[in-house]
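Read through the structure below, which is laid out as structure tokens, and then see the notes.
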2 protein chains.
Amino acid sequence: MTVTSVHNPSHREALWEMEDAFERGDLISVFGRCTVDYEGRASSELGSGDRLVVLKPDGAALVHTDEGRQPVNWQPPGSEHRAAVREGRLRVVSTRTNPAETLTVAFEDVHQLSALTVTGGRDLDLHGSEEDLRTRILERPDIVEPGFEPTETERPSIAGPMDVFGVDADGTPVVVELKRRRVGPDAVGQLARYVRGLREELGINDSGFDGDSVGDADGDDGETPAVRGVLVAPSVTDRAAERLADHGFDHVALDPTDE
Amino acid sequence: MTVTSVHNPSHREALWEMEDAFERGDLISVFGRCTVDYEGRASSELGSGDRLVVLKPDGAALVHTDEGRQPVNWQPPGSEHRAAVREGRLRVVSTRTNPAETLTVAFEDVHQLSALTVTGGRDLDLHGSEEDLRTRILERPDIVEPGFEPTETERPSIAGPMDVFGVDADGTPVVVELKRRRVGPDAVGQLARYVRGLREELGINDSGFDGDSVGDADGDDGETPAVRGVLVAPSVTDRAAERLADHGFDHVALDPTDE
DNA sequence: CTGTTTATCTCGCGG
DNA sequence: CCGCGAGGTAAACAG
């Protein structure tokens with residue numbers, strides 16, 4: 001038996017079922033008319049209404065209405081659930097410490113209470129993350145540009161760790177910044193800080209002056225800096241495109257979810 | 001009747017109940033063994049396991065395991081839910097556009113399916129938020145400091161809107177930044193940008209030089225700037241305290257949940 | 001234990 | 001529609 005369910009139980013019956021479910025470590029789902037109070041980092045009150053309350057064996061509690069992805073009230077995992085009948089009504093209290101928080105659900109009417117025994121299958125694998133994108137670039141650097149050779153990831157700099165660092169076909173240092181979604185000017189600023197930091201580190205003047213360094217860009221005059229910046233992202237905002245142009249950085253359009 | 005529920009239904013029966021529930025605009029709760037696939041901003045696959053799936057009439061979809069406050073997979077409100085039986089199995093697909101995202105739940109076994117008719121009670125009042133904190137300061141400005149008079153909220157500046165703007169007992173302009181929890185150096189940086197922006201606006205030199213302005217701080221030499229910065233937060237990190245001191249800003253310890 | 005960073009963040013507001 | 005900031009953010013991770 002993986003589901004125990006009672007419909008329109010008395011508050012006492014609901015309490016018995018709930019205590020049994022706590023004992024078994026079940027996932028509990030309660031649908032009923034209730035008020036909800038929360039006291040802790042903030043405080044809130046929720047008047048009477050029909051809601052779905054989920055109590056998890058790891059201590060998480062969720063109160064959902066018929067709208068929104070977010071629970072209207074909740075308690076994080078690690079909280080402790082207790083149930084009782086006070087003044088003839090089922091009352092569920094979930095508490096945690098650090099910070100001290102209390103969620104109280106007082107039922108006027110329990111429409112349905114279900115205890116769900118959960119078995120296995122908790123393994124998720126997620127693709128399309130920034131981590132995934134970096135792995136793919138290390139495996140096939142040509143998707144950044146032909147001849148690109150990554151040398152380090154998470155290379156430390158005064159502006160923080162750069163996502164990917166390497167050299168291009170001409171041997172010029174390249175800083176690559178990865179973003180998994182459309183970016184605004186802030187990402188360009190981040191890339192600019194890395195490039196600026198690296199130029200300082202290598203003793204290269206911002207204007208592109210090359211003080212005996214690792215290989216100047218070909219033919220160009222002093223305008224071309226000896227460290228390049230490349231932003232890898234599915235797309236950029238107009239403002240970001242302007243700032244990329246200002247800095248002389250390149251944008252590689254690459255969607256992390258594409259193969 | 002506010003709850004319709006079937007236990008261990010056939011996949012066809014489950015489909016009928018679900019389609020009826022869609023029609024009625026019910027909140028749907030399904031507990032069963034299923035696999036979950038998500039494609040969109042990222043992509044994920046979830047192997048077979050017992051999970052609680054919630055489908056809301058506003059288009060939100062949630063897939064919960066027995067752990068965590070967060071759903072293991074979800075779809076935001078505004079998505080469209082469809083159900084069908086393919087290869088003898090109940091399959092629920094939730095899609096949305098912009099960004100294009102698809103959540104697919106394929107049930108191997110439906111343990112329980114419930115349709116919940118929700119009525120009323122969506123009014124939450126929350127205290128202890130930043131909004132609430134601002135209201136309290138406007139009602140009783142003395143909790144910032146005696147003699148403080150707020151003049152504007154969300155006052156625009158080149159650095160963005162400041163939380164509260166006003167003048168102190170001496171008539172010196174004061175920028176107040178509100179934070180509802182313990183803050184790090186970033187909040188001080190934010191406040192500093194506001195203060196710097198306002199000084200520029202008023203034609204005051206950063207070093208505190210007063211170019212015919214609204215009332216200099218008493219007695220001090222040129223060190224004291226003619227625009228003050230006050231950070232209201234329950235507490236600050238050590239690093240943040242140093243930066244506050246560097247700028248000559250004040251910290252008012254105020255917990256948004258108090259009072 | 002605190003502090004930092006990320007997220008399929010969500011959510012609301014303004015241009 | 002995009003961009004920005006707040007959240008009882010949650011959650012992973014480093015120190």
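Every chain is numbered from 1, with letters handed out A, B, ... down the list of sequences.
One can place CD of Glu154(B) at 12 Å from P of dG15(C), the figure rounded to the nearest angstrom. Whole-Å rounding puts the Gln70(B) CD to dT8(C) P distance at 9 Å. Per the geometry, CZ belonging to Arg180(B) stands 6 Å off C1' belonging to dG8(D), to the nearest Å. Across the protein-nucleic acid pair, Glu101(A) atom CD and dG7(D) atom P stand 15 Å apart, rounded to whole Å. Following rounding to the nearest Å, Leu178(B) (CG) and dA6(D) (P) show an atom-to-atom distance of 10 Å. Between the P atom of dT5(C) and the CG atom of Asp163(A) lies a distance of 14 Å, rounded to the nearest Å. Rounded to whole Å, the distance from CD on Gln190(B) to P on dG5(D) is 8 Å. In this structure, Arg181(B) places its CZ atom 12 Å from C1' of dT4(C), rounding to the nearest Å.
Counting only N and O atoms by type, the side chains of Ser48(A) and Arg33(A) include a donor and acceptor under 3.5 Å apart. No donor-acceptor contact under 3.5 angstrom links the side chains of Thr104(A) and Asp37(A), judged on distance only.
For dT6(C) and dT10(C), the C1' atoms lie 14 Å apart once the distance is rounded to whole Å. Taking the P atoms as reference points, dT8(C) lies 22 Å from dT4(C), given to the whole Å. Remark: the separation of the C1' atoms in dG7(D) and dA11(D) is 14 Å, to the nearest Å.
At a threshold of 4.0 angstrom between heavy atoms, the contacts of Pro99(A) with the nucleic acid are absent. Using a 4.0 Å heavy-atom criterion, one finds that Glu131(B) contacts no nucleic acid atom at all.
When the side-chain nitrogen and oxygen atoms of Arg69(A) are compared with OP1 and OP2 of dT8(C), none of them lie within a distance under 4.0 Å. Remark: Lys179(B) is in phosphate contact with dA6(D), judged by side-chain N or O atoms under 4.0 Å from OP1 or OP2. Under 4.0 angstrom from either OP1 or OP2 of dC1(D) there lies at least one side-chain N or O belonging to Asn98(B). The side chain of Arg96(B) places no N or O atom within less than 4.0 Å of a non-bridging phosphate oxygen (OP1 or OP2) of dT8(C). The phosphate of dT10(C) (OP1 or OP2) has a side-chain N or O of Trp74(B) nearer than 4.0 angstrom. In this model, the phosphate group of dA10(D) is approached by a side-chain N or O of Arg41(A) to a distance below 4.0 Å at OP1 or OP2.
One distance of note links CD of Glu201(A) with OH of Tyr194(A); it measures 13.5 Å at 0.5 Å rounding.
Taking the side chain of Leu103(A) as heavy atoms from C-beta on, and the options dG3(C), dG8(D), dT8(C), the nearest nucleotide is dG8(D).
Looking at Gln75(A), its side chain comes within 3.5 Å of the base of dG8(D) through a donor and an acceptor atom.
Checked by atom type and distance alone, the side chain of Thr95(B) never pairs as donor or acceptor with a backbone atom of Thr102(B) at under 3.5 Å.
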Check the pair Glu139(A), Arg136(A) against salt bridge (Lys or Arg N to Asp or Glu O under 4.0 Å), reporting the backbone distance first and the verdict last.
CA-CA 5 Å; Glu139(A) 283 171 0; Arg136(A) 275 169 50 212; over 6 Å; no
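Mapping Pro77(B) and Pro185(B) onto DNA chain C by nearest heavy atom places Pro185(B) at the nucleotide closer to the 5' end. Comparing Pro161(B) and Gly68(B) along DNA chain D, the residue whose closest nucleotide (by nearest heavy atom) sits nearer the 5' end is Pro161(B). Comparing Tyr38(A) and Arg239(A) against DNA chain D, the residue whose closest nucleotide sits nearer the 5' end is Arg239(A).
Listed here is the closest heavy atom pair of Ala240(B) and Val188(B): O-CG2, 3.7 Å.
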